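All chains are named by letter (A, B, ...) in the order of the sequence lines, taking the proteins before the strands, and each is independently numbered beginning at 1. Everything numeric in this text was worked out from a predicted model, so none of it was measured.
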Amino acid sequence: MLTLTDIRTKRDELIEALAKRQFNAAPILDRIIELDEQRRQTQTQLDNLLSEANNIARSIGQLMKEGKHSEAEGMKVRTTAIKEESAGLKDMLNGIDDDLKAQLYLVPNAPYKLVPSGKSEHDNQTMDTFGEIPDLGTQALPHWELTQKYDLIDFELGTKITGAGFPVYKGKGARLQRALIQFFLDEANNSGYTEYLPPHMVNEDSAFGTGQLPDKEGQMYHDAADNLYLIPTAEVPLTNIYRDVLLKEDDFPIKMCGYTPCFRREAGSYGKDVRGLNRLHQFDKVEIVQIEHPDRSYETLEQMVLHVKGLLTKLELPYRTLRLCGGDMGFASAMTYDMEVYSTAQQRWLEVSSISNFETFQANRLKCRYKTKDGKSQLAHTLNGSALALPRIVAALLENHQTENGIRIPKALVPYTGFEYIN
RNA sequence: GGAGAGGUGGCAGAGUGGUAAUGCAGCAGCCUGCUAAGCUGUGACCGGGUUACUGGUCCCUGGGUUCGAGUCCCAGUCUCUCCGCCA
């Protein structure tokens with residue numbers, strides 16, 4: 001959520017930035033400014049009234065002490081009137097406040113200056129491309145055939161046990177999952193990220209803090225009995241570690257990583273995009289999260305991209321980096337890089353990581369602040385990225401490294417799998 | 001699930017219904033020829049004022065009683081201890 005201070009002082013700038021998302025901000029921002037103005041006026045009125053009531057109560061106390069009871073009784077008349085009046089103002093203030101919040105929740109984050117304007121994925125900027133796309137000719141099998149051929153993943157068994165989108169990993173397929181998780185966590189640890197193993201369910205406050213609520217309720221599995229949500233990503237529990245926290249300036253940077261399964265209802269998805277491992281209801285992911293000083297958050301974003309590039313290089317996968325255009329970015333992000341690997345058999349790029357700087361958008365909801373040298377509280381910047389999401393990595397590994405002798409495991413991963421080939 | 005105790009500032013910790021002690025840490029300033037110590041100021045949030053300054057809110061949450069609630073009443077919630085159940 002944008003801060004009121006920014007909306008008040010940088011209205012025109014924000015409107016211009018939000019236009020890059022094709023978001024017409026002027027009407028709603030002006031409405032917010034108007035409500036904010038009303039709120040402050042009402043509050044001043046209420047404060048004055050309460051101030052008067054406080055003074056009277058003080059005087060009555062004094063008179064009682066001095067034994068002037070009848071005089072004290074006389075003053076109570078005025079306080080009765082004040083009580084009614086202030087109750088009315090309080091209701092009005094709450095009403096305005098609710099309206100104001102409702103409006104604020106509707107405004108997405110303002111794209112950073114480097115973000116290109118655009119409507120859809122077609123307007124994204126390709127920053128770089130690495131690695132060679134192997135020439136597998138017409139022999140190349142898609143991963144959903146490879147997993148069957150080598151008995152690595154049983155999609156139908158998952159459907160029987162749970163439902164579509166819940167695959168069962170088996171044998172070397174299960175082992176490969178575990179190896180990748182371990183590899184990603186080790187790499188993150190080596191880059192200075194502190195490992196966490198957080199809860200896989202979160203409460204309402206946490207889901208709100210990172211922006212899943214109130215909007216994207218339908219994307220999460222919800223346990224109504226206890227009002228808990230299954231996490232759609234480790235970002236939610238990890239970032240919420242710093243909800244309602246007041247940091248010191250030298251606490252930065254805060255670097256966290258964690259492996260969790262991720263649960264997504266993916267309501268409304270269909271077609272060839274959901275084939276095989278492309279889109280699942282449950283999948284595994286290692287996430288990296290940073291909380292940074294506003295002055296350094298964009299430097300940090302680049303470092304996080306470098307970390308992910310390192311992983312993809314070690315996995316010997318062809319990949320490219322995209323800078324997302326305004327229209328393709330998530331609601332809360334100020335700038336996002338997507339990392340995509342090439343799926344040889346499907347002949348398309350698959351998103352395996354999304355790395356974003358949220359600036360103060362999440363921190364404002366989380367109340368994650370730090371104290372400056374001169375004692376002022378400022379909102380911190382939050383960032384996160386996948387490092388990495390497993391299913392599409394597995395798809396790309398299987399497809400790109402398929403040979404006549406089976407599937408070759410990249411060198412960096414062999415110590416983790418314990419085997420060099422799947423055959 | 002049952003019984004009891006408790007939730008007060010970044011932390012620790014007081015508080016007969018009269019308007020939140022004190023200590024520690026952090027930060028700012030002063031002082032001592034360095035260091036340590038010492039002295040002064042400093043809670044968070046929302047407002048008003050160009051500044052000095054100033055109003056309000058906040059003692060887990062929500063209601064209630066009262067001129068006035070950290071303190072009394074009701075409901076909820078979380079933590080701790082014990083019991084029960086259990087991997």
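- Relative to the side chain of A/Arg58, the nucleotides B/rC67, B/rG48, B/rU19 differ in distance, and B/rU19 lies closest.
- For the pair A/Asn364 CG and B/rC45 C1', the computed distance is 13 Å after rounding to whole Å.
- B/rC82 and B/rG2 make up a base pair, with Watson-Crick or G-U wobble contacts both under 3.5 Å.
- Ranking B/rG48, B/rA44, B/rG55 by closeness to the A/Ser377 side chain, first place goes to B/rA44.
- Separating the P atom of B/rC74 from that of B/rG26 is a span of 44 Å, rounded to the nearest Å.
- To the nearest whole angstrom, the two P atoms, one in B/rG15 and one in B/rG6, are 12 Å apart.
- Whole-Å rounding puts the A/Gln41 CD to B/rG47 P distance at 13 Å.
- Rounded to whole angstrom, the span from the CD1 atom of A/Ile60 across to the P atom of B/rA69 amounts to 12 Å.
- Of the candidates B/rG56, B/rA44, B/rG47, B/rG56 carries the atom nearest the A/Asn54 side chain, counting heavy atoms from C-beta on.
- Judged by distance alone, the side chain of A/Asn240 and the main-chain N or O of A/Ser206 form a donor-acceptor pair under 3.5 Å.
- Donor-acceptor pairing under 3.5 Å, judged by distance alone, is present between the side chain of A/Asp47 and the base of B/rG55.
- When the P atom of B/rG68 is taken as reference, atom CD1 of A/Ile82 falls 10 Å away, rounded to whole Å.
- Across every non-hydrogen atom of A/Arg21 and A/Asn109, the tightest pair is NE-O, 2.8 Å.
- A/Leu50 comes within 4.0 angstrom of the backbone, heavy atoms only, and of no base.
- Rounded to whole angstrom, the span from the NZ atom of A/Lys367 across to the C1' atom of B/rG43 amounts to 17 Å.
- Across all strands shown, B/rC58 forms a Watson-Crick or G-U wobble pair with B/rG43, both key distances being under 3.5 Å.
- When both distances must be under 3.5 Å, the Watson-Crick or G-U wobble mate of B/rA36 does not exist.
- Phosphate contact (OP1/OP2 of B/rG47, side-chain N/O of A/Arg39, threshold under 4.0 Å): present.
- Of the possible donor and acceptor atoms, none in the side chain of A/Thr239 sits under 3.5 Å from a partner among the backbone N and O of A/Val236.
- When distances run from any side-chain atom of A/Ala57 to the nucleotides B/rU19, B/rU57, B/rG55, the shortest one goes to B/rU19.
- With hydrogens and angles left out, the side-chain atoms of A/Gln362 and A/Glu235 include a donor and acceptor closer than 3.5 Å.
- Look at the C1' atom in both B/rG29 and B/rC78: the space between them is 42 Å, to the nearest Å.
- A cation-pi arrangement, defined by a distance under 6.0 Å to the six-membered ring centre and an angle within 45 degrees of its axis, is absent between A/Lys248 and A/Tyr370.
- In this entry the distance linking CD of A/Glu204 with C1' of B/rG76 reads 15 Å, nearest Å.
- Distances from the side chain of A/Thr44 to the nucleotides B/rG55, B/rG48, B/rC67 place B/rG48 closest.
- Rounded to an integer number of Å, the gap from A/Glu37 CD to B/rC46 C1' is 14 Å.
- When the P atom is compared between B/rG41 and B/rC24, the two are found 14 Å apart, to the nearest whole Å.
- A/Thr80 has no side-chain polar atom (N or O) that falls below the 4.0 Å cut-off from OP1 or OP2 of B/rC67.
- B/rA69 and B/rG62 have their P atoms separated by 15 Å, with the value rounded to a whole Å.
- When the C1' atom is compared between B/rU79 and B/rU61, the two are found 15 Å apart, to the nearest whole Å.
- Closest contact between the side chain of A/Lys83 and the listed nucleotides B/rU19, B/rU66, B/rG55 involves B/rU66.
- Between the side chain of A/Asn55 and the backbone N or O of A/Ser51 there is at least one donor-acceptor pair closer than 3.5 Å.
- Contact between the side-chain N/O atoms of A/Ser51 and the OP1/OP2 oxygens of B/rG56 is found at a separation under 4.0 Å.
- B/rU50 and B/rC59: their C1' atoms are spaced 36 Å apart (whole Å).
- Straight-line distance from the NZ atom of A/Lys371 to the P atom of B/rA28: 12 Å, rounded to whole Å.
- Here A/Arg369 does not reach the OP1 or OP2 of B/rA44: none of its side-chain N or O atoms lies under 4.0 Å away.
- For the pair A/Arg408 and A/Tyr421, the cation does not sit on the ring face, since its NZ or CZ is not both under 6.0 Å from the ring centre and inside 45° of the axis.
- Two residues, A/Lys76 and A/Asn55, neighbour RNA chain B, and the one matched to the more 5' nucleotide by heavy-atom proximity is A/Asn55.
- The side chain of A/Asn48 places no N or O atom within less than 4.0 Å of a non-bridging phosphate oxygen (OP1 or OP2) of B/rG47.
- Across the C1' atoms, B/rA87 and B/rG4 are found 28 Å apart, a figure rounded to whole Å.
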